[in-house]
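Just follow the structure's listing: the first ligand is 1, and inside any ligand the first atom is 1.
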Amino acid sequence: MQQIKNFINGEFVGAASGKVFDKRSPSDNSIIAQVSEAGRLEVDQAVAAARTAYLGEWGSYSTEKRVELLYAVADEITRRFDDFVAAEMADTGQPKAVMTHAFIPRGAANFKVFADVIKNVPSESFQTTTPDGLGALNYALRVPKGVVGVISPWNAPFLLMTWKVGPALACGNTVVVKPSEETPMTAALLGEVMNAVGIPKGVFNVVQGFGPDSTGEFLTHHPDVDAITFTGETRTGTAIMQAAAEGMRDVSFELGGKNAGLVFADCDFEQAVEGIYRSSFLNSGQVCLGTERVYVERPIFDKFVAALKNKVAQVKFGRPDDPEANYGPLISHEHQEKVLSYYKKARDEGATVVIGGGVPDMPDDLAAGAWVEPTIWTGLAEDATVMKEEVFGPCCHIAPFDDEQAVIRLANDTDYGLSTTIWTRDLSRAHRVASRVEVGITWVNSWFLRDLRTAFGGSKQSGIGREGGVHSLEFYTEMRNVCIKL
Ligand code: NAD
């Protein structure tokens, strides 16, 4: 049985309380690891180690030295690619191809991209006029924030954690990371990588555990954490924001979504079906950017519903390393119950179930896993529960629409504002609609295509702030102005 410990000041340590919790396989519910739950003591130790490193060795490094080390981190992840893929598959139960093509390579890229950003970022300076005519020179220094608390979710654990750790370290901060209790493995592996390439002790720390009344809350309430970056549910973000208000700590939040896909009759039909299929069902629908509300222009509505149903009918459930399988379980039984309760609600509120809606028949060795069928509904009113709340499961509702103005109103009729996809061959329409949907990112004839240099984040209740490229510097550094009288 694998034992997963906290990573504090360059050492793997258990919890002084002796507390451990089980990590179960999403595929068959077997216990695959025991994880040490960090209490207040370990969180204190991790934050103190991060502070000491920030004020000490790490703080004394030049940007070039940090950049060199972050490149080494990325290379070491790539060298241990198979270990990361295996750990992420075990934690999430998702197909190997998702790990090898997207989640692990992106995790490594997160270190290189932000190393490049910090290497090339300009500063600003202003010549100021003064009454004596000699003037003054103002210039800005970009300084790190200090100790950053990183709280990450389970749905793409390595990618989403490194997306924050990469820029935080590139900017000269130190971090204490709390991965999701559902996915402890890759954060622990990253500790090994940090030691292997010579990142000083205390720069990167991991505390394992739960959120409320546990490790996450101890970390976010810790007075010596200077800023908190969080990816997860909007409700959790509210709790963390309250914690951050003590001491006026800055926050960066990437939260939930209830994203709309807008399919116009002039689209490339096959491309739109494939795109909506991926955006609704990749990672078993557990993607914040996924599409749970699909609006299809009436002339192609029936044909579209039939085509999407046909694709969904072909999914092959199985373990992550089963070459025949392309579809995984949900992360846990708790999440399975939540998703199934939404399936029931949709039926109770009058949905037509086009396909799915339940639990698939699985062979004996997988029957205990957290499986649910990918599901398509039609016929719900716009105020139905699953049209308003994020399910975060493999499901979407498809509704017809008649004109562009109406579908923009429908897309925007939500508390969330994370992403939208638009499927059309009409370039003018694409620009028009993209400028009017109230979201952080709009994809036209594509989905999940991310250039890490661009701004990423959500509008409305989907987030606070933007990260990515130079935008990450807004959160991970502060500008300090120096004014010199000439
Ligand atoms: P979650 O909010 O339940 O948990 C996220 C993390 O917060 C976990 O590590 C958890 O232990 C911790 N946590 C929970 N309560 C806490 C508290 N009171 N104090 C401190 N920490 C606490 O989210 P989840 O279920 O892990 O992830 C799914 C959610 O994440 C979905 O809503 C999804 O849309 C969102 N998400 C958003 C993005 C984005 O970029 N916008 C990306 C991925 C996931």
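Residue-ligand proximity: Gly463 is placed with every non-hydrogen atom at 4.0 Å or more from ligand 1. A heavy-atom separation below 4.0 Å is found between Pro179 and ligand 1. Every heavy atom of Gly458 sits 4.0 Å or more from the atoms of ligand 1.
Between Phe158 and the choices Phe103, Phe81, Phe84, Trp163, the ring pair (Phe, Tyr, Trp, His ring centres under 6.0 Å) rule is met once, by Phe84.
Of all the atoms in ligand 1, the ones that sit under 4.0 Å from a non-hydrogen atom of Cys288 are 33 (C), 34 (O), 36 (N), 37 (C), 38 (C), 39 (C), 40 (O), 41 (N), 42 (C), 43 (C), 44 (C). The atoms of ligand 1 that sit less than 4.0 Å from any heavy atom of Ser152 are 6 (C), 8 (C), 9 (O). Counting the atoms of ligand 1 from 1 in the order shown, those under 4.0 Å from a heavy atom of Glu181 are 10 (C), 11 (O). Listed by atom number, the atoms of ligand 1 under 4.0 Å from Thr231 heavy atoms are 5 (C), 36 (N), 37 (C), 38 (C), 39 (C), 42 (C), 43 (C), 44 (C). Every atom of ligand 1 is numbered from 1 in the order shown, and the set under 4.0 Å from a heavy atom of Gly216 is 19 (N), 20 (C), 21 (N). Taking every non-hydrogen atom of Leu418 and a distance limit under 4.0 Å, the qualifying atoms of ligand 1 come out as 41 (N). Applying the 4.0 Å criterion to heavy atoms of Phe230 picks out, from ligand 1, the atoms 2 (O), 5 (C), 6 (C), 7 (O). With ligand atoms numbered from 1 in the order given, ligand 1 contributes 40 (O) to contacts under 4.0 Å with heavy atoms of Phe456.
Considering every non-hydrogen atom in both Leu308 and Cys396, the closest pair reads CD2-SG, 4.0 Å. Taking every heavy atom of both residues into account, Ala188 and Phe12 meet most closely at O-CZ, 3.4 Å.
Polar contact with ligand 1: absent for Asn155 (N/O pair, distance under 3.5 Å). In terms of polar-atom proximity, defined here as any N/O pair under 3.5 Å, Thr234 makes no such contact with ligand 1.
Cation-pi contact between Lys145 and Phe475: present, with separation from the ring centre below 6.0 Å and deviation from the ring axis of at most 45°. A cation-pi contact links Lys311 to Tyr277, judged by a cut-off of 6.0 Å to the six-membered ring centre and 45° from its axis.
The heavy atom nearest to atom 23 (O) of ligand 1, out of those in Arg235, Glu233, Glu217, Glu182, is found in Glu233.
Heavy atoms of Thr215 found under 4.0 angstrom from ligand 1: none, in either backbone or side chain.
Of the protein's heavy atoms, Leu255 O, 2.7 Å lies nearest to atom 41 (N) of ligand 1. The protein atom (non-hydrogen) at minimum distance from atom 12 (C) of ligand 1 is Ile151 CG2, 3.6 Å.
Remark: aromatic rings of Phe317 and Tyr327 are close, center separation under 6.0 Å.
A salt bridge links Lys338 to Glu233: one of the charged nitrogens lies within less than 4.0 Å of a carboxylate oxygen.
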